Engineer: 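One structure follows; several queries about it will come next.
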Protein chains: 2
Amino acid sequence: MNDKERRSMPLFSIGIVIKLTELTARQIRYYEENNLIHPERTTGNQRLFSFNDVDKLLKIKSLLDRGLNIAGIKLLLEEEKDLPKAQGKSELSDKELRSILRNELNEAGRYGKASLRQGELSRFFRN
Amino acid sequence: MNDKERRSMPLFSIGIVIKLTELTARQIRYYEENNLIHPERTTGNQRLFSFNDVDKLLKIKSLLDRGLNIAGIKLLLEEEKDLPKAQGKSELSDKELRSILRNELNEAGRYGKASLRQGELSRFFRN
DNA sequence: TCTTTTATGTGAGGAAACCTAACATCAATT
DNA sequence: AATTGATGTTAGGTTTCCTCACATAAAAGA
């Protein structure tokens, strides 16, 4: 099992993810509804989240805090997904995407006590 | 949050642990009853396991497969726990402990498909 | 060999956690 | 003023988990 597989293993119930991210169940389900995340399901239809999912949720939270909306976040996440690959022609209006990408690239967020900081989750992994 | 804390974070429901270890719920609860593991609980009294717990369960499974009984495994686990510290006087009969430790030290186990191999869990961590 | 212990299976009854769907709300747009 | 976007809340139902009790087969002990 390599690192990529480990990061995408379905491991966490929504209750844990709520604690790790300090998002509400409603928020998490809404983001799934809007195709920002795609957690697996148990045979009984309950969500099972991977490290990647939690990581993405922390990123979503961070971007929401900085004023992005769901549509913008979706663009950003898709952009990131495509980065390793062809970066030439995106179907989506290039102006929008750029205007979103500007202003959003750096910045560290300060969070509450019990939750994970965005990026901290990577510490779970060797690579 | 350091590695030690990460490894002991309560993260997994028993359902996940069953899949990761290929133990039954009955077995896992029995090992807890015999103080081999001490998973946390939710406010609603449901077990939450850490990476350390899962790791320990994989080790328990491996040792059971090799013929040890619960008492022997408990001695072994306590031995390991004390290794970093004082290794001088153990309250428990030294002959027993040695006789158990002999024959049990090496060996790799070959497991089924979907479960983790003992030791593989450490790959989740940087350190 | 007979009895006890060990490790695990199984099932009942109940509680916790999760599910979807619907409606409410409030701020930001239009 | 009306719509949209993001989230809260509640209801009714399902899944997962809990403890406790009893069953059982194999191993250990007498």
Side-chain angles (χ1 to χ4, degrees), chain A residues 10-50 53-54 56-77 96 99-100 112 115, chain B residues 10-50 53-54 56-77 93 96 99-100 115:
Chain A
L11 293 175
F12 308 113
S13 66
I14 198 172
I16 308 287
V17 176
I18 287 169
K19 282 187 205 145
L20 290 177
T21 62
E22 289 184 339
L23 294 165
T24 66
R26 184 66 168 91
Q27 288 176 299
I28 294 167
R29 293 183 186 128
Y30 184 70
Y31 304 151
E32 181 187 18
E33 203 178 307
N34 283 271
N35 295 302
L36 299 184
I37 52 172
H38 304 89
E40 306 255 327
R41 300 285 181 133
T42 66
T43 57
N45 200 37
Q46 303 198 177
R47 271 166 268 253
L48 281 183
F49 299 81
S50 68
D53 291 325
V54 178
K56 235 184 206 177
L57 285 170
L58 290 169
K59 180 164 296 181
I60 290 167
K61 182 179 180 183
S62 163
L63 293 171
L64 278 171
D65 282 353
R66 293 191 254 157
L68 283 239
N69 63 9
I70 301 287
I73 292 170
K74 191 182 306 191
L75 287 183
L76 261 190
L77 293 181
E96 283 178 270
S99 83
I100 290 163
S115 77
Chain B
L11 292 175
F12 308 114
S13 67
I14 200 172
I16 308 286
V17 175
I18 287 169
K19 281 187 206 146
L20 290 177
T21 62
E22 288 183 340
L23 294 165
T24 66
R26 184 66 167 90
Q27 287 176 299
I28 293 167
R29 293 183 187 127
Y30 184 69
Y31 304 152
E32 181 187 19
E33 203 177 308
N34 284 271
N35 296 302
L36 299 184
I37 51 171
H38 305 88
E40 305 255 327
R41 300 284 181 135
T42 65
T43 56
N45 199 38
Q46 302 199 178
R47 272 166 266 254
L48 281 183
F49 299 81
S50 68
D53 292 324
V54 178
K56 235 185 208 176
L57 286 170
L58 290 169
K59 179 164 297 182
I60 291 167
K61 183 180 181 183
S62 163
L63 293 171
L64 279 170
D65 282 353
R66 292 193 255 157
L68 284 240
N69 63 9
I70 301 287
I73 292 170
K74 190 184 306 190
L75 286 183
L76 261 190
L77 293 180
S93 153
E96 283 179 88
S99 83
I100 290 163
S115 78

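As the structure is a computational prediction, the values presented were derived from the model and not from experiment. All chains are named by letter (A, B, ...) in the order of the sequence lines, taking the proteins before the strands, and each is independently numbered beginning at 1.
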Engineer: Between B:R26 and D:dA23, is there a side-chain N or O to OP1/OP2 distance below 4.0 Å?
Structural biologist: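 For B:R26, the contact criterion (side-chain N or O under 4.0 Å from OP1 or OP2 of D:dA23) is not met.
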
Engineer: Can you tell me if the side-chain N/O atoms of B:T43 get under 4.0 Å from OP1 or OP2 in C:dA16?
Structural biologist: no

Engineer: Think A:R41 has a side-chain N or O under 4.0 angstrom from the OP1 or OP2 of C:dT20?
Structural biologist: yes

Engineer: Pairing donors with acceptors under 3.5 angstrom, does anything connect the side chains of A:D65 and A:S62?
Structural biologist: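 There is no such pair (donor and acceptor under 3.5 Å, judged by atom type) between the side chains of A:D65 and A:S62.
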
Engineer: If I take atom CZ in residue A:F49 and atom P in nucleotide C:dC19, what distance separates them, rounded to the nearest angstrom?
Structural biologist: 7 Å

Engineer: So if I take every side-chain heavy atom of A:T42 and compare against C:dT8, D:dA6, D:dT15, which nucleotide ends up nearest?
Structural biologist: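 The nucleotide sitting nearest to the side chain is D:dT15.
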
Engineer: Using only side-chain N and O atoms of A:Q46, determine if any of them is under 4.0 Å from OP1 or OP2 of C:dC19.
Structural biologist: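 No, outside the criterion.
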
Engineer: Please state how far atom CZ in A:F12 lies from atom C1' in D:dT16, giving the value in whole angstrom units.
Structural biologist: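 In whole Å, D:dT16 C1' lies 18 Å from A:F12 CZ.
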
Engineer: Could you tell me whether the phosphate oxygens of D:dT7, OP1 or OP2, come under 4.0 Å of any side-chain nitrogen or oxygen in A:Y31?
Structural biologist: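 True: A:Y31 side-chain N/O within range (under 4.0 Å) of D:dT7 OP1/OP2.
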
Engineer: Figure out the CG/P separation between A:N34 and D:dT7, and round it to whole Å.
Structural biologist: 10 Å

Engineer: Separation of B:R29 atom CZ from D:dT16 atom P, in whole Å?
Structural biologist: 13 Å

Engineer: Under a 4.0 Å threshold between the charged nitrogen and the carboxylate oxygen, would B:K74 count as salt-bridged to B:E33?
Structural biologist: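 Result for this pair is no, no salt bridge flagged.
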
Engineer: When you get a sec, tell me which of C:dT8, D:dC18, D:dC17 is the closest nucleotide to the side chain of B:S13?
Structural biologist: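 My answer, after comparing the listed nucleotides, is D:dC17.
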
Engineer: Tell me: CG of B:L68 to P of D:dA27, nearest whole Å?
Structural biologist: 15 Å

Engineer: So does B:T24 get a side-chain nitrogen or oxygen closer than 4.0 Å to the phosphate oxygens (OP1/OP2) of C:dG9?
Structural biologist: yes

Engineer: Within the pair A:Y30 and D:dT7, is there a side-chain N or O less than 4.0 Å away from OP1 or OP2?
Structural biologist: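 So the side-chain polar atoms of A:Y30 never come under 4.0 Å of the phosphate oxygens OP1 or OP2 of D:dT7.
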
Engineer: Just how far is it from atom CG of A:L48 to atom CD1 of A:I16, taken to the nearest 0.5 Å?
Structural biologist: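 A:L48 atom CG to A:I16 atom CD1 measures 11.0 Å (nearest 0.5 Å).
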
Engineer: Counting heavy atoms from C-beta on, name the nucleotide in D:dG5, C:dC18, D:dT19 closest to the side chain of B:N45.
Structural biologist: D:dT19

Engineer: When you check the phosphate oxygens OP1 and OP2 of C:dC18, does a side-chain N or O of A:R47 lie under 4.0 Å from one of them?
Structural biologist: no

Engineer: Rounded to the nearest 0.5 Å, what separates atom CD1 in A:I73 from atom NZ in A:K61?
Structural biologist: 12.5 Å

Engineer: Rounded to the nearest Å, what distance is computed from the CG atom of residue B:N69 to the P atom of nucleotide C:dT4?
Structural biologist: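 Nearest whole value for this atom pair: 21 Å.
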
Engineer: Between A:R41 and A:E32, does any side-chain N to carboxylate O distance fall below 4.0 Å?
Structural biologist: yes

Engineer: Separation of B:L64 atom CG from C:dT8 atom P, in whole Å?
Structural biologist: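 Spelled out: CG on B:L64 to P on C:dT8 is 6 Å.
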
Engineer: Rounded to whole Å, how long is the line connecting atom CD1 of B:I16 with atom P of C:dC18?
Structural biologist: 11 Å

